[in-house]
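All remarks here apply to the structure that follows.
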Amino acid sequence: MASHHRHRWLMDAPHNADRAHAKLAESASSLKDSAVQQVDSADRRTELAADRTILAGERTYAAWVRTGLAALASGIGARALLKDVVFPWLATATGTMLILFSAFCFVAAVWREMGAGAPPPRPDIKRLPAALLVVMNGFLMLVSLATLVGIWTARS
């Protein structure tokens, strides 16, 4: 009986080999498809990371501008509110420092956004145009300087 099983196994060996070969080929094809999907997935994660980097830079830019605008308004308010409370020179100095800080924030906003380091690989979104940043923040700087002149030349 053992010889009968051995004889049947020998006769089925070519058929078993063909089945094993077909199964191996199918497995290899499936593995190749899986590897392609992993590469595509990794590329997409890299693109999304690049998008997040650009958006984080824009949020940082907005924070600098927001801080500058708050400092500008605080400088004007400090001069106006403190002139009758403390020495006039102290009210002017406080307003001056806040306005100078606002000008610094407007410069820092452009510097941080334009000098963000190496560009991320193939983002899906576009960066803010550098010319727009320079023009807008240049205008804000002029407003800061005009305000500074205004608080220094205003009558107490």
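Numbers for residues simply follow the sequence, beginning at 1. All values derive from a computational prediction rather than experimental measurement.
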Q) In chain order, what residues pass the side-chain contact (heavy atoms from CB on, under 4.5 Å) check against Leu100, with sequence neighbours excluded? A) Thr96, Leu148

(Q) With a 4.5 Å cut-off on side-chain heavy atoms, are Leu140 and Leu69 touching? (A) yes

(Q) Do Ile99 and Trp152 sit in one hydrophobic cluster, given that two such residues count as connected whenever their side-chain heavy atoms are within less than 4.5 Å of each other, even indirectly? (A) yes

(Q) Taking side-chain hydrogen bond (donor to acceptor under 3.5 Å, both in side chains) as the cut-off, I'd like each qualifying pair that reaches into residues 64-78, sequence neighbours left out, listed once. (A) none

Q) Would you say Met114 and Phe106 are hydrophobically clustered, going by side-chain heavy atoms of ILVMFWY under 4.5 Å? A) yes

Q) Any chain of hydrophobic side-chain contacts (each under 4.5 Å) joining Trp89 to Ile151? A) no

(Q) Looking at every non-hydrogen atom in both residues, tell me the closest pair between Ala91 and Val86 and how far apart they are. (A) N-CG2, 3.9 Å

Q) Are Met141 and Val134 linked, directly or through other ILVMFWY residues, by side chains that come within less than 4.5 angstrom of each other? A) yes

Q) Under the side-chain contact (heavy atoms from CB on, under 4.5 Å) criterion, do Asn137 and Trp111 qualify, and how do the steps go? A) CA-CA 10 Å; Asn137 285 47; Trp111 174 73; over 6 Å; no

Q.
Within the 4.5 Å heavy-atom criterion, are Met136 and Leu132 side-chain neighbours or not?
A. yes

Q) Would you say the side chain of Phe101 lies within less than 4.5 Å of the side chain of Leu72, judging by non-hydrogen atoms? A) no

Q.
Which residues pass the side-chain contact (heavy atoms from CB on, under 4.5 Å) test with Phe139, not counting sequence neighbours?
A. Val143

Q. Should Leu128 and Val65 be counted in the same cluster of Ile, Leu, Val, Met, Phe, Trp and Tyr side chains packed under 4.5 Å apart?
A. yes

(Q) For Ser102 versus Ser144, what's the shortest heavy-atom pair and its separation? (A) OG-OG, 3.0 Å

Q: Would you name the heavy atoms of Glu58 and Lys126 that are closest together and state the gap between them?
A: OE2-O, 3.9 Å

Q. What is the distance from atom CD1 of Ile76 to atom CG of Leu81, rounded to the nearest 0.5 Å?
A. 11.5 Å

Q. Do Thr92 and Arg79 have side-chain atoms, one donor and one acceptor, less than 3.5 Å apart?
A. yes

Q | Spacing of CZ belonging to Arg52 relative to CZ belonging to Arg59, to within rounding of 0.5 Å | A | 10.5 Å

**Q.** Leu133 to Tyr61 - nearest heavy-atom pair and separation
**A.** CD2-CZ, 3.4 Å

